[in-house]
Amino acid sequence: MHIAWLGKKSPFCGNVTYGREITNALIDRGYDVSFFHFSQGATDGGSPAHLRAERARHISLPCLYKSTLYTIPTLKSQQVLADALRQLQPDIVHASLALSPLDFVLPDICRELGIPSVATFHPPFARRRWNLTSNTQHFAYQFHAPCLAKYDMTIVFSQVQRDLLVQLGVPPDRVVVIPNGVDAKKYSPGASELKLQVRTERVFLYQGRISIEKNVESLLKAWRLAKMGETCRLLIVGDGPLAEPLRASYGEADGVRWLGYVADERRRIEILRGADVFILPSFVEGLSLSLLEAMACGIACIATDVGADGEVLDKGAGIVLDPQKVTAQLQTILPLLRDHPEMAGILSYKARQRVLERYTLEGNINRLEGLYASFTDREGVGHREAAQTLARPSVDI
């Protein structure tokens with residue numbers, strides 16, 4: 001089967017990781033993949049290791065601007081996309097939506113060419129709209145709902161997302177829940193020299209973008225107020241617009257160490273394996289791959305009840321925070337996990353088990369294969385009815 005995948009190679013964000021992991025897994029299972037991505041120049045193609053290059057086609061779509069949040073294509077990008085799809089004639093077009101104007105015209109292009117269209121809708125969200133960030137993200141759902149209703153199927157990561165899109169007018173039989181998945185063999189507990197390298201006994205970790213929606217400042221305030229002492233370090237892994245001002249206010253005197261963006265995946269895994277507690281204090285999320293990777297590595301995890309993250313950690317798989325009370329709650333929780341390492345050990349085990357039960361990449365790909373097969377069925381079953389049948393069991397996850 002030939003899959004035309006529309007996604008992102010840069011700048012680094014969850015969408016990039018999602019596209020890389022899914023397409024590599026599909027290629028490993030024998031699928032023919034053509035990867036369409038936005039490019040601002042001939043050298044703007046992402047890492048050569050992004051895909052199994054010898055077994056994938058790469059098609060650049062010209063753009064004027066791209067960021068982790070949205071993409072502005074050039075006027076000719078729509079024609080480039082349509083011409084390439086007409087020439088390649090894939091069996092399925094799967095768009096990992098980059099929040100660009102092409103999101104709105106792709107279903108019409110696919111319908112004209114007779115190709116089924118699937119979208120994965122990533123934007124983070126909060127269960128309740130209580131600040132500017134959550135209101136903005138909710139608007140993204142409202143704005144895209146009419147467009148998503150035109151795709152043959154939209155993939156979301158949680159039941160909460162599905163309910164929201166259905167409320168906004170997307171037909172229920174066109175929305176399926178297929179949670180993010182992590183390679184639990186690669187991301188697994190193991191040896192690490194991290195604590196020797198940072199010279200500490202206990203490591204607390206944040207890994208992700210340093211931006212307003214990630215609410216890192218609330219974590220830093222709580223860390224300072226908790227007075228965690230000389231035996232603990234808070235490591236901040238990542239970069240973003242707030243990195244410099246926060247780094248100027250919180251540093252070694254507070255027990256905070258800034259590692260910056262770590263590109264090497266093996267190094268990121270080593271950091272995860274060496275940490276005791278992972279903290280994600282976001283205002284909004286979708287389903288955080290960073291959280292799943294930490295859980296798979298056997299780390300006690302703390303996250304806010306936004307997006308699907310609270311759903312991932314519910315029933316004892318981790319600690320769930322109120323996004324409006326992050327600093328106050330962490331000020332109490334951090335010393336508890338410092339003083340009672342056995343508590344962190346129990347949470348570490350439960351986090352790993354939750355991933356193995358619900359959030360493996362293998363399980364994700366199995367469901368995706370079933371969805372693809374429902375569109376190419378030759379036995380007379382309509383692809384939308386078959387896809388609706390597929391959606392039922394995964395909705396309850």
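Just so it is clear, the structure is predicted and the values come from calculations on it, not from any experiment. Positions are given from 1 along the sequence.
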* **pair Pro172-Arg162: side-chain heavy atoms closer than 4.5 Å** => yes
* Can we say Asp264 and Arg266 salt-bridge, meaning some charged N sits less than 4.0 Å from an Asp/Glu carboxylate O? -> yes
* Rounded distance (nearest 0.5 Å) linking atom CD1 of Ile302 with atom CG of Leu280 -> 10.5 Å
* Asked: Do Arg111 and Asp152 pass the salt bridge (Lys or Arg N to Asp or Glu O under 4.0 Å) test, and can you show the C-alpha distance, the side-chain angles, and the key distance before you say yes or no?
  -> CA-CA 9 Å; Arg111 188 168 293 108; Asp152 291 298; 5.3 Å; no
* Indicate the atoms forming the closest heavy-atom contact of Ala317 with Val312, along with that distance. => CB-O, 3.9 Å
* Is the closest side-chain heavy-atom distance between Arg209 and Leu242 below 4.5 Å? -> no
* Going by heavy atoms in the side chains, are Lys214 and Tyr206 under 4.5 Å from each other? -> yes
* **Ser77 (side chain) donor-acceptor with Thr74 (main chain) under 3.5 angstrom** => yes
* Test of ring centre spacing under 6.0 Å for Tyr65 and Phe38 -> no
* For the ring pair Phe104 and Phe143, is the centre-to-centre distance below 6.0 Å? -> yes
* **Backbone of Thr120 reached by a side-chain donor or acceptor of Ser96 within 3.5 Å** => no
* Where do Asn364 and Gly181 come nearest, in terms of heavy atoms and distance? -> ND2-N, 3.7 Å
* Parallel, tilted or perpendicular: ring planes of His94 versus Trp5, cut at 30 and 60 degrees -> tilted
* Structure fact -> Rounding to 0.5 Å, atoms CG (Asp83) and CD (Gln78) come to a distance of 10.5 Å
* Asked: If every non-hydrogen atom of Asp305 is compared with every non-hydrogen atom of Pro323, which pair is closest and at what distance?
  -> N-CD, 4.3 Å
* Drop me the distance from Leu368's CG to Ile92's CD1, to the nearest 0.5 angstrom. => 9.5 Å
* To do: Mind listing the closest non-hydrogen atom pair of Ala300 and Ala344 along with its distance?
  => CB-O, 3.5 Å
* Inspect the surroundings of CD in Glu193 and state if more than 12 heavy atoms from other residues, nucleotides or ligands are less than 6.0 Å away. => no
* To do: Answer whether the closest heavy-atom distance between the side chains of Glu369 and Arg29 falls below 4.5 Å.
  => yes
* Any side-chain donor-acceptor pair under 3.5 Å between Arg352 and Ser188? -> no
* To do: Could you tell me whether Asp32 and Arg57 have a side-chain N and a carboxylate O separated by less than 4.0 Å?
  => yes
Distance-only criterion, 3.5 Å: show the donor-acceptor pairs between side-chain atoms of residues 232-239 and protein atoms not counting sequence neighbours.
residue, atom, partner, partner atom, Å
Arg233, NH1, Glu230, O, 3.4

* Asked: Do Glu201 and Lys195 sit within salt-bridge range, that is, some charged N less than 4.0 Å from a carboxylate O?
  -> no
* **Closest non-hydrogen atom pair between Ala296 and Val355, with its separation** => N-CG2, 3.9 Å
* Asked: So how far is it from Lys227 NZ to Gln331 CD, rounded to the nearest 0.5 Å?
  -> 8.5 Å
* Structure fact -> In this structure, CG of Asn180 is separated from CD1 of Ile22 (nearest 0.5 Å) by 7.5 Å
* Asked: Is Phe36 linked to Tyr70 within one hydrophobic cluster, defined over Ile, Leu, Val, Met, Phe, Trp and Tyr using a side-chain heavy-atom separation of less than 4.5 Å?
  -> yes
* To do: Check whether any side-chain heavy atom of Leu205 lies under 4.5 Å from a side-chain heavy atom of Val277, and answer yes or no.
  => no
* So do Pro62 and Lys76 actually touch side chain to side chain, heavy atoms under 4.5 Å? -> yes
* Of all the heavy-atom pairs spanning Asp103 and Pro107, show the shortest one and how long it is. => O-CD, 3.5 Å
* Establish, yes or no, whether a centroid distance under 6.0 Å links the rings of Phe121 and His144. => yes
* Say whether, by atom type as modelled, one donor and one acceptor occur between the side chain of Asp254 and the main chain of Gly251 under 3.5 angstrom. => yes
* To do: Not counting sequence neighbours, list each pair that qualifies as a ring pair (Phe, Tyr, Trp, His ring centres under 6.0 Å) and has a residue in residues 248-280.
  => Phe12-Tyr261
* Heavy-atom side-chain proximity of Pro90 to Ser34 below 4.5 angstrom -> no
* Asked: Within the distance-only criterion (no hydrogens, no angle test), does the side chain of Gln161 pair as donor or acceptor with the backbone N or O of Ser158 below 3.5 angstrom?
  -> yes
* Within one Ile-Leu-Val-Met-Phe-Trp-Tyr cluster: Leu64 and Val80, side-chain cutoff 4.5 Å -> yes
* Same cluster or not: are Leu81 and Ile72 linked, directly or through other Ile, Leu, Val, Met, Phe, Trp or Tyr residues, by side-chain heavy atoms under 4.5 angstrom apart? -> yes
* Going by atom types alone, do Glu265 and Tyr187 pair a side-chain donor with an acceptor below 3.5 Å? -> yes
* **Presence of salt bridge, Arg267 and Glu270, under 4.0 angstrom** => yes
* To do: State whether Arg268 and Glu293 are salt-bridged, where the test is any N-O pair (Lys NZ or Arg NE/NH1/NH2 against Asp/Glu carboxylate O) under 4.0 Å.
  => no
* Hey, quick one: are Val198 and Val262 part of the same hydrophobic cluster, counting side-chain heavy atoms closer than 4.5 Å, chains of contacts allowed? -> yes
* How about Glu362: does its CD atom have over 12 heavy atoms from other parts shown lying under 6.0 Å from it? -> no
* Asked: Does any N or O in the side chain of Asn15 come within less than 3.5 Å of the main-chain N or O of Leu97, such that one atom is a donor and the other an acceptor?
  -> yes
* Taking it one step at a time, do Glu21 and Lys186 satisfy salt bridge (Lys or Arg N to Asp or Glu O under 4.0 Å)? -> CA-CA 12 Å; Glu21 295 299 308; Lys186 180 168 56 176; 3.8 Å; yes
* **Point-to-point distance, once rounded to the nearest 0.5 Å, from CG of Leu289 to OH of Tyr18** => 9.5 Å
* Side-chain donor-acceptor pair present, Lys66, Ser39, cut-off under 3.5 Å -> no
* Note, Leu313 side chain near Met295 side chain (heavy atom, < 4.5 Å) -> yes
* Please check if atom CD in Glu252 has more than 12 non-hydrogen atoms from other residues, nucleotides or ligands closer than 6.0 Å. => yes
